[in-house]
Amino acid sequence: MVENSGSKIFYQDRSIVTPGDLIAEGEFQVPWSPYFYKIGNKYYSAITGLLSVKEGNIFEVIPLEGQRYYPRIGDTVIGLIEDIEIYGWVVDIKSFYSAYLPASSLLGRAIAPGEDLRRFLNIGDYILAKVEAYDRTINPVLTVKGKGLGRISSGVIVEISPAKVPRVIGKNKSMLEVLTSETGCDIQVAQNGRILVKCANSLSEETAISAINIIQSESHIKGLTERIRAYLREKLGGSKNDASAEAKTNT
Amino acid sequence: MMQVQKPRLILENGLRTDGRRPDEMRPIKIELGVLKNADGSAIFEMGNTKVLAAVYGPKEMHPRHLALPDRASLRVRYHMTPFSTDERKNPAPSRREIELSKVIREALESTVLTELFPRTVIDVFMEVLQADAGTRLVSLMAASMALADAGIPLRDLIAGVAVGKADGIIVLDLNEPEDMWGEADMPVAMLPSLGQVALLQLNGDMTPEEFRKGLELAQKGINIIYNLQKDALRKKYAEYKEE
C-alpha cells in the first residue's frame with residue numbers, strides 16, 4: 001500500500017486486479033486508459049490485469065486478457081488490406097474497428113480520377129503503418145509516412161494476442177533483444193499483436209516463430225527471458241552441430 | 001397433467017428438501033475459457049444448474065444502421081437446450097426465453113463500459129445445459145465471467161442469488177421444488193463493489209419485513225459468490241504473484 005498526502009493505492013506493485021476492484025482513492029495524475037474508471041475520487045479496475053505501481057504515485061493497469069487491439073495514436077501497427085475504396089484502403093488491424101489508409105498518404109499526392117489503387121496495394125497485402133488519428137467518433141486512420149513504413153514485401157507475420165505484446169518486447173526490450181541477437185533475425189513487433197519476422201534462413205525463422213509462440217503461451221511464468229535464451233541456443237546451436245555432423249557423414 | 005400434492009419444503013429438523021440450512025447456498029463451480037472460438041467463455045454451475053456462456057466482440061455492427069453512435073450495443077441470447085429439463089424442451093425460443101434475454105441484457109448493460117466502443121456490437125450467448133431453478137442468475141453470472149474472460153472492460157462482475165419463502169421461512173438460493181411450491185421467489189443480482197443492484201424481480205408475495213430480511217440474506221450470499229468469481233479470474237495467473 002502506498003500512502004501519499006491523503007491519496008492511497010490499495011494494492012502492491014504487480015498484483016492482479018479483477019473488474020470492480022478498488023485500486024486507489026484520492027487525486028492522481030494518471031493518463032486515461034480504458035482499463036480503469038473513476039467514480040468521484042475512487043479508481044476501480046475494469047478488467048483482469050496486472051497493476052503496476054510506479055514511483056511518484058502513478059499506477060497503470062496492464063491487461064492480461066483481450067483478443068483485440070485498442071487503437072492509440074502514434075502506435076505502430078501491422079495491417080492487412082481488407083478492401084479497396086475510391087480514395088484509400090480499408091485495413092484490418094485486429095481492432096474492433098477497421099482502419100482506413102488514405103491513398104494520398106501512400107502516394108504523397110492526390111489521386112488522379114479513375115486511377116486503380118489495386119496497383120499499389122492489393123487485398124491480402126500487409127502494411128506497416130502508424131495510427132494517425134483515432135477517437136470515439138471516427139475509425140482509426142493510418143499513415144505510412146515515416147521511415148520503414150509501407151508495404152511489407154518480405155518476411156513472415158506471426159499473430160499473437162495484443163495483450164501479450166509487452167511480454168514479447170520485455171522490460172527495456174530485453175526479450176526482443178534476446179530474440180534478435182540469438183536468431184539473427186530482424187523482428188518488428190507491432191502494437192496490435194502482429195509480429196514481422198525476417199530471417200536469413202528457414203531454420204532461424206522457424207525457431208524464432210516457435211519461440212514467440214512459447215512466449216505467448218507461457219507469458220505469465222517467471223524467468224521466461226532466460227528460458228527463451230536457453231531454448232534458442234539449444235535449437236540453433238544444436239542444429240548447427242547436426243549440420244556439421246551431416247557434412248562429416250557426407251564426406 | 002397429473003395432480004401432485006405440495007410437498008413439505010422445510011422438514012422437521014429445520015432443513016430443506018436437499019438437506020441445506022435455510023441460509024445455505026448450493027455448491028458453486030466456475031470454469032473460464034472453455035471455448036476456443038469465442039473471445040471469452042465460461043461455465044457456471046450452481047448445484048444442478050449449469051450454464052455455458054460465450055462472448056464475441058466488440059466488433060463492427062452489420063448492418064451499419066443498427067449501430068449506436070455513442071456506445072456499443074449488446075445482443076444477448078438466453079436459451080435452454082432441449083435436454084436441460086426433465087421433459088424435452090422445444091428448442092425454438094419461447095416467450096419466457098425472449099423475456100429473460102431482455103432482462104439479462106439490461107443487467108449486463110449496467111456493468112459493461114459500452115461507451116468505450118461506440119458503433120460496435122458485443123454478442124453474448126448463454127446456453128442452459130441443465131436447469132434446476134435459478135437459471136437466469138446463473139446465466140447472468142456466466143455471462144459476466146465470460147465478458148471478463150474476453151477482457152471487455154466492466155464496471156464490476158455481477159453476482160446474484162435468489163431468495164424466497166418456503167413454508168413461511170425465508171430461504172437462500174431456491175431449488176426446483178421450492179421454486180415450484182414456495183410462496184415467493186426473488187432473484188437479486190448486484191455489482192458488489194459498487195453496492196448497486198443490477199437485477200431484482202419478485203414473484204409471489206412477501207411482507208416488507210420479509211423483503212428486507214430476504215435482501216439482506218441475498219447480499220450475504222452475493223458476497224460469497226463474488227469472492228469465488230474473483231478467485232476464478234485470479235487462479236489463471238497465480239504464478240504472477242510468486243515473482
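Note that the coordinates shown come from a computational prediction; the quantities given were computed from them, not determined experimentally. Here is the naming used below: chain letters follow the sequence lines, and residue numbers restart at 1 for every chain.
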Requested in this report: Below 4.5 Å from any heavy atom of chain A, which atoms of Q229(B) appear? Answer side chain, backbone, both or neither.
Outcome: neither
Query raised in the report: Which one, T111(B), D156(B), T120(B), V121(B), leads in non-hydrogen pairs under 4.5 Å with chain A?
Result: D156(B)
Requested in this report: State, yes or no, whether a side-chain contact exists between P69(B) and T137(A) at a heavy-atom distance under 4.5 Å.
Outcome: no
Requested in this report: Name the region of F36(A), side chain, backbone, both or neither, that has any atom closer than 4.5 Å to a heavy atom of chain B.
Outcome: neither
Report task. May I ask you to decide if S98(A)'s main-chain N or O and E60(B)'s side chain share a donor-acceptor pair within less than 3.5 Å? Result -> yes
Query raised in the report: So does Q201(B) have more than 12 non-hydrogen atoms from other groups sitting under 6.0 Å from CD?
Result: yes
Query raised in the report: Can you find a heavy atom in the side chain of R155(B) that is under 4.5 Å from one in the side chain of I39(A)?
Result: no
Query raised in the report: Is it true that the NZ or CZ of R119(B) lies under 6.0 Å from the centre of Y97(A)'s six-membered ring and within 45 degrees of the ring axis?
Result: yes
Requested in this report: Report the distance from atom OH of Y70(A) to atom CG of L116(B), rounding to the nearest 0.5 Å.
Outcome: 5.0 Å
Query raised in the report: If you draw a 6.0 Å radius around NZ in K164(A), do more than 12 non-hydrogen atoms from other residues or ligands fall strictly inside?
Result: yes
**Report entry** Interchain contact, L154(B) with chain A, by part (heavy-atom threshold 4.5 Å)
**Finding:** both
Query raised in the report: Hey, are the side chains of E65(A) and I152(B) touching, using non-hydrogen atoms and a 4.5 Å cut-off?
Result: no
Requested in this report: Identify which of P118(B), P192(B), S193(B) forms the greatest number of heavy-atom pairs closer than 4.5 Å to chain A.
Outcome: P118(B)
**Report entry** Heavy-atom pair count under 4.5 Å with chain A, highest-scoring of P153(B), A72(B), G151(B)
**Finding:** P153(B)
Query raised in the report: Contact part of A148(B) toward chain A, heavy-atom cut-off under 4.5 Å: side chain, backbone, both or neither?
Result: both
Query raised in the report: Between atom CD of Q67(A) and atom OH of Y56(B), what is the distance when rounded to the nearest 0.5 Å?
Result: 12.0 Å
Report summary line: Distance col, row L233(B):CG vs T48(A):OG1, nearest 0.5 angstrom, shows 4.0 Å
Query raised in the report: Do Y37(A) and L113(B) have side-chain heavy atoms sitting under 4.5 Å apart?
Result: yes
**Report entry** Neighbour count >12 (heavy atoms, 6.0 Å) for atom NZ, K38(A)
**Finding:** yes
Requested in this report: Count the heavy atoms belonging to other residues, nucleotides or ligands that lie under 6.0 Å from NZ of K42(A), then report whether that count exceeds 12.
Outcome: no
Query raised in the report: What do you reckon, is CD of E177(A) surrounded by more than 12 foreign heavy atoms closer than 6.0 Å?
Result: no
Query raised in the report: To the nearest 0.5 Å, how far apart are CG in L147(B) and CD1 in I47(A)?
Result: 13.5 Å
Report task. Against chain B, label P63(A) side chain, backbone, both or neither, depending on which of its atoms sit under 4.5 Å from a heavy atom there. Result -> neither
Query raised in the report: Should we say atom CZ of F83(B) is surrounded by more than 12 heavy atoms from elsewhere, each under 6.0 Å from it?
Result: yes
Query - R136(A) and D70(B) ion-paired at < 4.0 Å - result: no
Query - Atom pair CD1/CZ of I16(A) and R234(B) - distance to nearest 0.5 Å - result: 7.0 Å
